[in-house]
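Scroll down for the structure; my scribbles are underneath it.
No hydrogens, no waters, no symmetry mates; every other heavy atom, side chains included, goes into these values. Numbering of ligands and ligand atoms starts at 1, following listing order. This one's a predicted model, so the numbers in the text were calculated from it and none came from an experiment.
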Amino acid sequence: MSREDYEVVMGLEVHAELSTKTKIFCSCPTSFGAAPNTHVCPICMAMPGTLPVLNEKVVEYAVKAGLATNCEISKDSKNDRKNYFYPDLPKAYQISQYDKPLCYKGYIEIETSEGKKKIGITRIHIEEDAGKLNHDDLSGGSLVDLNRAGVPLIEIVSEPDLRTTEEVDSYLKKLKSILEYIEVSDCKMQEGSFRADVNVSIRKKGETKLGTRTEMKNMNSFRSITRAIEYEIGRQIDVVENSGVIEQETLRWDEVSGKTFSMRDKEDAQDYRYFPEPDLVAIKLSDEYIENIRKDLPEMPESRKQRYLEVYKLSEKDAGILTSSKYLSDLFEKASEICGNYKAVNNWIISDISRILNETEMDPIEIPFDASQLAKLVSLIDKGTISSSIGKKVLVELFENPRDPEDIIKEKGWIQISDEGAIKEIVLKIIEANPQSVADYRGGKDRALGFLVGQAMKETKGKANPQMLNKMFAEELK
Ligand code: ADP
Ligand code: MG
Ligand code: ZN
């Protein structure tokens, strides 16, 4: 049998850190990047005798996420203890939710090359993040940093509805964009605020029973998720083809070797000895509370896209790219409003900015410059102060060291030469230096003009105004 004889089945568990100001059960700050163990208190360090108090914002954000993913919201929910020991989990249990999650039975719609598809959301529950181990290569030891302990998470569990890597990619991007739109998480993948456990199994086509799955934990790059899934599918097919049996286990993806490795046998729920958290009260929500959150949901990607098609008459593709990220579309709207040239702003975002984001695997939210700086770049080109090829260089500067584009071009001496006298001087110089091209042009070879303009641009390091050059050459050579 070959790969075509198998169907791949996948389901994802996504963890998103919520962007509340404080942690889930204490008032320590959640901000990323502080010195180790400075955002801690007796509660999140698990000192005996301390008691958790649930942060109300966490519930609100989770309900928001549930409503935005078409979930039912539970009016009667609770927290449970999930018992396991790990050095970065000082309580030796994690407060999570077991049998009564806040949100359940939802779906999101994804777009694939085969059309639209609904992916079921089994549940969304709230829980606390663990701390972090910093492995010290010099001493061989590990250092525990508890700043992340108690940072609120939502875990979004999908149904095993995903069949291809394309669907997984599209699902993750859609989910990420929804969470960004409703502003419950910054979803910075490199900081681990948005990470996925990927469950993969295979079965013979036509089979209805699910195969045994393996799980790859804490994946936080789209590229490695795709690679890891492709590898894992191949590995499972190999095992089955060689009359082997897939073990249910937790795997670690190794980016360097491009392989998955076994970490441990997969635990079952019973291994965790879940029981209701005795230190917290049940979470009871009123209809009114839920409806108020529903009323306040912001404009979502689809309706924003629709608006771009109607108001700005953008193409399907452009509107899709812009609205796939709230950050990108905010950038588009703000910069367009400032400079008044939405077509140019759209072009910059769709082409050069997207290309740089892709090449550097940067998330739109990490774009270092702001809308006013992008707007200024567009205006400088519109006014003829710089050419669009210089504009590209300004954009690179904006990514590297963002500042006012006007300062950049002054500093770099990139201001376009649009002075008539100066242009004429260059044109005459180039004419004198290229008698053959001049003769060609006069002899009817229009292409020679392009060459002469090119020489003038080279001479001025791209700074001469190309329209003026064209006009001036044509006049001088008449
Ligand atoms: P756990 O939390 O122990 O990993 P769950 O039963 O909640 O277990 O399942 C987690 C995820 O695994 C879900 O997203 C689900 O869709 C997916 N899943 C379950 N069974 C399979 C399977 N046989 N193949 C692929 N994915 C699966
Ligand atoms: Mg799991
Ligand atoms: Zn604390």
Atoms of ligand 1, numbered as shown, that sit under 4.0 Å from any heavy atom of [X]:
X      : value
Val157 : 13 (C), 14 (O)
Gly11  : 14 (O), 16 (O), 17 (C), 26 (N)
Leu210 : 23 (N)
Glu13  : 1 (P), 2 (O), 4 (O), 10 (C), 11 (C)
Leu12  : 14 (O)
Glu159 : 16 (O)

Give yes or no for whether the N/O distance cutoff of 3.5 Å, strictly under, is met between [X] and ligand 1.
X      : answer
Gly211 : yes
Met10  : no
Glu155 : no

May I ask you to say whether Lys376 pairs ionically with Asp407, meaning some side-chain N is under 4.0 Å from a carboxylate O? no
Closest by any non-hydrogen atom to atom 6 (O) of ligand 1: pick that one out of Arg213, Gln248, Lys217. Arg213
From Phe32 atom CZ to Asn147 atom CG, the distance as rounded to the nearest 0.5 Å: 10.0 Å
Pick one of side chain, backbone, both or neither for how Thr212 approaches ligand 1, counting any non-hydrogen atom pair under 4.0 Å. neither
Restricting to N/O/S atoms, is Cys26 within less than 2.8 Å of the Zn ion (ligand 3) or not? yes
Just wondering, more than 12 heavy atoms not from Glu333 lying within 6.0 Å of its CD? yes
Which of these, Leu153, Val40, Asp129, sits in a side chain to side chain contact (heavy atoms under 4.5 Å, CB included) with Arg148? Asp129
Establish, yes or no, whether the cationic atom of Lys82 lies under 6.0 Å from the six-membered ring centre of Tyr272 and within 45° of the ring axis. yes
Glu155 side chain to Glu13 main-chain N or O, any donor-acceptor pair under 3.5 Å? no
Would you check if the side chain of Thr38 reaches a backbone N or O of Ala34 as a donor-acceptor pair within less than 3.5 Å? no
State which residue, out of Arg235, Lys259, Arg3, fulfils the salt bridge (Lys or Arg N to Asp or Glu O under 4.0 Å) condition with Glu230. Arg3
